[in-house]
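The block underneath contains the structure these notes are about, expressed in structure tokens.
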There are 2 protein chains.
Amino acid sequence: MTSTHEKVSPLPQSKAAAYTRESAASGVEQALKLLEGRWKLVILFHLFGGRVLRFSDLERAIPAISQKMLAQQLRQMEGDGIVRRVVYPQVPPKVEYALTEWGQALCPALDALLAWAAARPAE
Amino acid sequence: MTSTHEKVSPLPQSKAAAYTRESAASGVEQALKLLEGRWKLVILFHLFGGRVLRFSDLERAIPAISQKMLAQQLRQMEGDGIVRRVVYPQVPPKVEYALTEWGQALCPALDALLAWAAARPAE
DNA sequence: CGGGATCCAAGCGGATACTG
DNA sequence: CAGTATCCGCTTGGATCCCG
């Protein structure tokens, strides 16, 4: 199954239904864990659209971030397969960052989240 | 605009483009903040499909959670307009939890996230 | 230029005990 | 039954300094 819109069973006597809920929850949890981190979304949005940026470009684009955080978040996203890192063996060093195809594929999902947030009723 | 799939400007000289990226990032960030918390997604998935559960039902459904955390996360989601809380003035007390319409509307967005996670290439 | 190493403060979440 | 109150450890993230 790929949908979370499962029919509600009036009496959830089915273990399969419970398993479905748990696995869906943990699946989304794993996805969100990849996006956790104070700066990942900001970085992500700067790289969307196929943009390729150097480390210093990102520093300039996100003035509030520290070098440590920028490096750390980029490393994690690289390890997670969201970001591709290209090192040019030259001096002074030059490193470029871009999204992988899978990273780009996050766009529709974040769009859906954005749409949901926009639909928030007034309180 | 509602889409994050904006065309990449070869030279991002447009301030509008930058503003778009920033606001989209912060929009999604705000959405994700509502879902942050160790147990919110688990609770959410137990309430999806229009299920109505009592406090003790949720405790039984999520054995690993503590009372403090269950109450806290439910309060936050109630305050955020995701969960509706109904108190029956009787003794012993009875409190039921269900998703608001807006809470239910999270389903497609989480589906998209789930689909994205499932599309992760093998490493 | 593009980091790594270290130290430190704040906040999140867990365990336990108590209550209307 | 459905919480609240308190304490406490661990993780996250910021500041600073150093390096190839």
Side-chain angles (χ1 to χ4, degrees), chain A residues 25-26 28-47 51-80 82-99, chain B residues 25-26 28-47 51-80 82-99:
Chain A
S26 72
V28 176
E29 247 173 306
Q30 289 178 34
L32 287 189
K33 274 187 71 168
L34 303 184
L35 304 179
E36 257 169 45
R38 177 70 186 79
W39 301 101
K40 286 188 183 170
L41 285 175
V42 186
I43 297 172
L44 220 38
F45 274 83
H46 276 281
L47 292 178
R51 276 175 289 261
V52 178
L53 296 176
R54 298 182 56 169
F55 191 88
S56 47
D57 291 333
L58 286 167
E59 281 191 286
R60 241 169 289 115
I62 315 171
I65 200 176
S66 66
Q67 282 194 326
K68 165 194 169 184
M69 275 297 116
L70 182 54
Q72 181 189 103
Q73 310 269 295
L74 283 170
R75 295 293 185 175
Q76 287 178 15
M77 295 175 89
E78 185 198 2
D80 291 336
I82 297 174
V83 161
R84 178 167 22 248
R85 177 169 179 266
V86 180
V87 182
Y88 294 85
Q90 63 186 41
V91 41
K94 170 179 171 181
V95 181
E96 283 182 347
Y97 293 91
L99 293 185
Chain B
S26 71
V28 176
E29 247 173 306
Q30 289 178 34
L32 287 190
K33 273 186 74 169
L34 303 185
L35 304 179
E36 255 169 46
R38 177 70 186 79
W39 301 101
K40 287 188 183 171
L41 284 176
V42 185
I43 297 172
L44 220 38
F45 274 85
H46 276 281
L47 292 178
R51 276 174 290 261
V52 177
L53 297 176
R54 299 180 55 169
F55 191 87
S56 48
D57 292 333
L58 286 166
E59 279 192 285
R60 240 170 289 115
I62 315 170
I65 200 176
S66 67
Q67 282 194 325
K68 166 191 168 185
M69 274 297 119
L70 182 54
Q72 180 189 104
Q73 310 269 292
L74 283 170
R75 297 291 185 174
Q76 287 178 16
M77 296 174 88
E78 186 198 359
D80 292 336
I82 297 173
V83 161
R84 180 168 19 247
R85 179 171 179 263
V86 180
V87 183
Y88 294 85
Q90 64 185 43
V91 43
K94 171 176 170 182
V95 181
E96 285 182 346
Y97 293 91
L99 294 184

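Only this structure's heavy atoms are used, side chains among them; waters, hydrogens and symmetry mates stay out. Owing to the predicted nature of the structure, the values given are computational and were not obtained by experimental measurement. Chain identifiers are assigned alphabetically (A, B, ...) following the order of the sequence lines, protein sequences preceding nucleic acid strands; residue numbering begins at 1 within each chain.
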Output a table of donor-acceptor pairs, distance under 3.5 Å, between side-chain atoms of residues 59-66 of chain B and any protein atom two or more places apart or on a different chain; print 'none' if there are none.
| from | atom 1 | to | atom 2 | distance (Å) |
| --- | --- | --- | --- | --- |
| B/Glu59 | OE2 | B/Gln67 | NE2 | 3.4 |
| B/Arg60 | NH1 | B/Asp57 | OD1 | 3.3 |
| B/Ser66 | OG | B/Met69 | N | 3.3 |

Identify the heavy atoms of A/Val52 and A/Ala98 that sit nearest to each other, and give their distance.
->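 Shortest heavy-atom separation between A/Val52 and A/Ala98 comes out as CG2-CB, 4.0 Å.
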Could you list the protein-to-nucleotides 13-17 of chain D atom pairs, N/O on both sides, closer than 3.5 Å?
| from | atom 1 | to | atom 2 | distance (Å) |
| --- | --- | --- | --- | --- |
| D/dG13 | OP1 | A/Arg38 | N | 3.0 |
| D/dG14 | OP2 | A/Trp39 | NE1 | 3.1 |
| D/dG14 | N7 | A/Lys68 | NZ | 2.9 |
| D/dG14 | O6 | A/Lys68 | NZ | 2.1 |

### Query
Which two nucleotides bound the region of DNA chain C that has atoms under 4.0 Å from heavy atoms of chain A, read 5' to 3'?
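Range of nucleotides within reach of chain A: C/dC1 to C/dT6.
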Annotated structure of DNA chain C as dot-bracket, pair cut-off 3.5 Å, Watson-Crick or G-U only, | for inter-strand, is ||||||||||||||||||||
message: Per the side chain to side chain donor-acceptor pair (under 3.5 Å) rule, what does the pair list look like for residues 86-95 of chain B, sequence neighbours excluded?
response: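 Matches after skipping sequence neighbours: B/Tyr88-B/Glu96.
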**OP:** Strictly below 4.0 Å, heavy-atom distances to any atom of DNA chain D: list the hits from residues 82-97 of chain B, or just say none.
**Re:**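 Here the set is B/Arg85, B/Pro92, B/Pro93, B/Lys94, B/Val95, B/Tyr97.
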**OP:** Kindly write out the residues that satisfy side chain to side chain donor-acceptor pair (under 3.5 Å) with A/Arg38, not counting sequence neighbours, or none if the list is empty.
**Re:**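 Expected list: B/Glu29.
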Notebook entry, point to check: For B/Arg85, which residues count as a salt bridge (Lys or Arg N to Asp or Glu O under 4.0 Å) partner, sequence neighbours excluded?
Noted result: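 With sequence neighbours excluded, B/Arg85 shows a salt bridge (Lys or Arg N to Asp or Glu O under 4.0 Å) to no residue whatsoever.
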Partners meeting salt bridge (Lys or Arg N to Asp or Glu O under 4.0 Å) with B/Lys68 (sequence neighbours left out) =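 Applying salt bridge (Lys or Arg N to Asp or Glu O under 4.0 Å) to B/Lys68 gives none.
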- prompt: Which residues pass the side chain to side chain contact (heavy atoms under 4.5 Å, CB included) test with B/Glu36, sequence neighbours left out?
  reply: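 Once residues adjacent in sequence are excluded, the partners of B/Glu36 under the side chain to side chain contact (heavy atoms under 4.5 Å, CB included) criterion are B/Lys33.
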| task | With sequence neighbours left out, write down each residue that passes side chain to side chain contact (heavy atoms under 4.5 Å, CB included) with B/Val91, or none if nothing qualifies. | result |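 Once residues adjacent in sequence are excluded, B/Val91 has no partner under the side chain to side chain contact (heavy atoms under 4.5 Å, CB included) criterion.
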4.5 Å side-chain heavy-atom contact, [X] and [Y]:
X: B/Val28; Y: A/Phe45; result: yes
X: B/Leu44; Y: B/Leu35; result: yes
X: A/Val83; Y: A/Leu99; result: yes

Could you list the donor-acceptor pairs under 3.5 angstrom formed by side chains in residues 70-79 of chain B, with sequence neighbours left out?
| from | atom 1 | to | atom 2 | distance (Å) |
| --- | --- | --- | --- | --- |
| B/Gln73 | OE1 | B/Trp39 | N | 3.2 |
| B/Gln73 | OE1 | B/Lys40 | N | 3.3 |
| B/Gln76 | OE1 | B/Lys40 | NZ | 2.8 |

- Nearest whole angstrom, please: distance from the P of D/dG3 to the CG of B/Leu70.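 In whole Å, D/dG3 P lies 8 Å from B/Leu70 CG.
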